[in-house]
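Numbers for residues simply follow the sequence, beginning at 1.
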Amino acid sequence: MSVPNEPTFRESVDLMFNRAVDIMDLPPGLEEKIRVCNSTYTVRFGVRLRGKVQTFVGYRSVHSEHMEPVKGGIRYALGVNQDEVEALAALMTYKCALVETPFGGSKGGLCIDPRQYEEHELELITRRFTYELAKRDLISPSQNVPAPDMGTGEREMAWMADQYARMNTSEINARACVTGKPLHAGGIAGRVEATGRGIQYALREFFRHPEDIAMSGLTGTLDGKRIIVQGLGNVGYHAAKFLCGEDNSVITGIVEWDGALVNPKGLDVEAVRQWIIDNGGVKGYKDAEYVEDGSKVLELDCDILIPAALEGVINLSNAARIKAPLIIEAANGPITAGADDILNDKGCVIIPDMYANAGGVTVSYFEWVKNLSHIRFGRMQRRQEESRHQLVVDELERLDRYLGDAWSMTPDFKSQYLRGADELELVRSGLDDTMRIAYQAMREVWHSRDDVPNLRMAAYLVAIGRVAQSYQAKGI
Ligand code: GLU
């Protein structure tokens, strides 16, 4: 999606990068080395389907190998092209640096509309694509570790992992060749929800800083905040579900490909999601006003706007009319560079994509570590933790008996305190910590330098600084 005079997605990423390096003091030439994409592999392969050979075009781009393996999703969409894949790979480099996952940046894509194919056909296509990439080390536990992205999920990752394992029968770490796998195939608890969960943790952290809340003109907490979500896919759905279910925010608008739903009293996220699964879109859903031109709903009054679908949806053609004082970019690149300027001038606070949607790759990192260590998180500690807690509870119970009516344990304390952390709890704790620390790194730069006007610029500065340090340490 672009309008005349609008930079492309890739140009937008480069523009934002350039603005950041302009105020950095990098050794000559290093900025160019960091900005360019190291390599992009294009593959055209044939698969025999429905009685004839069909040719597919796929890409895997490696943006930066300052750390290996390189990491990033593989998307299945008709619009996939080299420029898009390269821009997304660059964002992966910066994202991984910002949230301190020890990876370089990569991204892949296949030009395909997955809805046009049966499951067994998609499996054939995915296995063949995997074969082409694995042959060139573009899927490998130590070199390049894909993950889900738009149009792919656990199912595709399981096929990829299995295909890789078949091609590398003696590779003990074969499962670590992709992340986002189902739990029974080497995945990790909490990966599916991770990006949406990361959005929630990012917003919670934002609302812990009164100075930052004031910059947006908002007040208070997430409680009661009116949120419009664009795209109720995996990321948008989980973010919306957690924010209204656990933080008491109100989802007043949901924008989908076939229109939008609006209800100032709040939409039932679960019911809308089910409606979309059953009917293919939002049209016809009862408990809301249906707006055919969904893009208009992005412009409605709300407290927080969450674009969680495609890139470029907020651009020169609509930025001036966007009313949300706070936007969190759950998608990659939903705001073009031109729109970014307009929104910043209006005083809108934007929590940038490279930070906001980093929950996915963060939990991917945990999954990769789990695969390499061949043990579930919490397996060694859980019961030991419980028995130590039991000691405390035994003592408290003794005190309880001794003090009689003067003191007693709060009803749920015992069961809650006794329970040792399982994998899901540990994953959430690691994700929460990651999102908090990365936000604090950004805001420190944002508030301590006069030449850093917003969080996006701060995010680029932190990320590029870390990548630069890594290149310098390697002697390039
Ligand atoms: N595709 C996701 C992203 O854009 C996840 C990448 C990963 O887990 O490697 O961040």
Side-chain angles (χ1 to χ4, degrees), residues 13 16-26 30-31 34-35 63-64 66-67 70-72 90-105 194-195 197-216 222 239 326-330 332-333 335 340 344 348-366 369 427-473:
V13 172
M16 291 168 181
F17 174 92
N18 290 341
R19 283 178 194 165
V21 292
D22 277 351
I23 61 163
M24 290 177 84
D25 197 15
L26 294 179
L30 185 56
E31 64 175 72
I34 297 175
R35 188 178 52 74
H63 175 260
S64 176
H66 67 288
M67 286 201 190
V70 293
K71 191 90 190 73
L91 277 179
M92 284 309 303
T93 296
Y94 310 136
K95 192 185 302 190
C96 290
L98 184 63
V99 295
E100 297 178 288
T101 53
F103 302 126
T195 313
R197 189 59 87 182
I199 297 292
Q200 176 195 32
Y201 290 162
L203 282 172
R204 283 186 180 174
E205 183 58 19
F206 174 85
F207 278 96
R208 283 191 193 101
H209 300 280
E211 214 182 332
D212 303 4
I213 307 172
M215 300 284 259
S216 69
L222 275 169
L326 176 63
I327 303 180
I328 179 159
E329 295 183 313
N332 286 307
I335 302 179
D340 203 47
N344 282 314
C348 171
V349 171
I350 299 167
I351 304 182
D353 48 6
M354 87 170 70
Y355 164 70
N357 66 34
V361 76
T362 301
V363 177
S364 276
Y365 169 43
F366 302 153
V369 170
V427 163
R428 286 183 181 160
S429 146
L431 176 58
D432 193 9
D433 188 54
T434 303
M435 297 308 289
R436 288 190 197 202
I437 289 182
Y439 185 84
Q440 288 159 19
M442 283 190 307
R443 78 179 295 277
E444 199 188 304
V445 173
W446 182 26
H447 294 306
S448 65
R449 289 181 61 153
D450 291 339
D451 52 358
V452 179
N454 52 51
L455 281 166
R456 190 188 310 279
M457 173 83 103
Y460 271 96
L461 285 179
V462 174
I464 298 168
R466 288 182 184 159
V467 177
Q469 267 176 359
S470 168
Y471 272 123
Q472 281 171 298

Taking C-beta and beyond as the side chain, do Thr93 and Val467 meet within less than 4.5 Å on heavy atoms?
yes
Minimum heavy-atom separation for Ser64 and Val70, please, with both atom names.
O-CG1, 3.3 Å
Only counting residues at least two apart or in another chain, list the ones meeting side chain to side chain contact (heavy atoms under 4.5 Å, CB included) with Glu100.
Ile437, Arg466
Distance-minimising heavy-atom pair for Gly198 and Leu431:
N-CD2, 4.0 Å
Quick one: CZ on Arg428 to CG on Asp433, what's the gap to the nearest 0.5 Å?
16.0 Å
Given Asn357 and Asn332, is the side chain to side chain contact (heavy atoms under 4.5 Å, CB included) satisfied, shown in steps?
CA-CA 8 Å; Asn357 66 34; Asn332 286 307; 2.9 Å; yes
Any heavy-atom pair between the side chains of Val452 and Leu461 that's under 4.5 Å?
yes
Evaluate side chain to side chain contact (heavy atoms under 4.5 Å, CB included) for Val21 paired with Leu26, printing each intermediate quantity in order.
CA-CA 7 Å; Val21 292; Leu26 294 179; 3.9 Å; yes
Excluding sequence neighbours, so at least two apart, what forms ring-ring contact (aromatic ring centres under 6.0 Å, His included) with His209?
Tyr439
Flag the pair Arg197 / Val363 as yes when at least one side-chain heavy-atom distance between them is below 4.5 Å, and no otherwise.
no
Search all heavy atoms of Pro352 against all heavy atoms of Ala459 and return the closest pair with its distance.
CG-CB, 4.0 Å
Can Asp432 and Arg436 be counted as an ion pair, charged N to O under 4.0 angstrom?
yes
Sequence-distant partners of Phe17, ring-ring contact (aromatic ring centres under 6.0 Å, His included), two or more places apart:
Tyr94
Who passes side chain to side chain contact (heavy atoms under 4.5 Å, CB included) against Thr434, sequence neighbours left out?
Val99, Thr362, Phe366
List the residues meeting side chain to side chain donor-acceptor pair (under 3.5 Å) with Gln440, not counting sequence neighbours, and say none if there are none.
Glu205
Sequence neighbours excluded, the answer for side chain to side chain donor-acceptor pair (under 3.5 Å) partners of Thr195 is none
Measuring only between side-chain heavy atoms, which start at C-beta, is Met24 closer than 4.5 Å to Tyr460?
no
Side chain to side chain contact (heavy atoms under 4.5 Å, CB included) against Pro453, all qualifying residues, sequence neighbours excluded
Met457
Met435 side chain reached by Tyr355 side chain, heavy atoms, under 4.5 Å
yes
Verdict with reasoning, Leu203 to Leu222, per side chain to side chain contact (heavy atoms under 4.5 Å, CB included):
CA-CA 8 Å; Leu203 282 172; Leu222 275 169; 4.1 Å; yes
Residue Tyr365 excluded, over 12 heavy atoms near OH under 6.0 Å:
no
Quick one: are Leu326 and Cys348 in side-chain contact, heavy atoms under 4.5 Å?
no
Between His66 and Gly104 the two heavy atoms that sit nearest each other are CE1-CA, 4.0 Å
Backbone of Arg35 reached by a side-chain donor or acceptor of His63 within 3.5 Å:
yes
ring-ring contact (aromatic ring centres under 6.0 Å, His included) with Phe206: which residues, sequence neighbours excluded?
none
Would a 4.5 Å heavy-atom cut-off, applied to side chains only, mark Ser364 and Lys71 as touching?
yes
From CG (Leu30) to CD1 (Ile34), nearest 0.5 Å:
4.0 Å
Could you measure the distance from the CG atom of Asn454 to the CD1 atom of Ile350? Nearest 0.5 Å is fine.
7.0 Å
Scanning both residues in full, the closest heavy-atom pair of Ala358 with Lys95 reads CB-CG, 3.7 Å
Restricting to salt bridge (charged side-chain N to carboxylate O under 4.0 Å, His left out), what partner residues turn up for Arg204, sequence neighbours left out?
Glu246, Asp247
The side chain to side chain contact (heavy atoms under 4.5 Å, CB included) partners of Ala356 (sequence neighbours excluded) come to Ile199, Ile328, Ile351
Considering all heavy atoms of both residues, which atom of Leu98 and which atom of Ala438 are nearest to each other, and what is their separation?
O-CB, 3.7 Å
Not counting sequence neighbours, list each pair that qualifies as a salt bridge (Lys or Arg N to Asp or Glu O under 4.0 Å) and has a residue in residues 451-463.
Glu329-Arg456, Asp340-Arg456, Asp353-Arg456, Arg449-Asp451
Do the side chains of Asp212 and Val349 get nearer than 4.5 Å, heavy atoms only?
no
Name all residues meeting the salt bridge (charged side-chain N to carboxylate O under 4.0 Å, His left out) criterion together with Glu31; count only those two or more places apart in sequence or in a different chain, and write none if there are none.
none
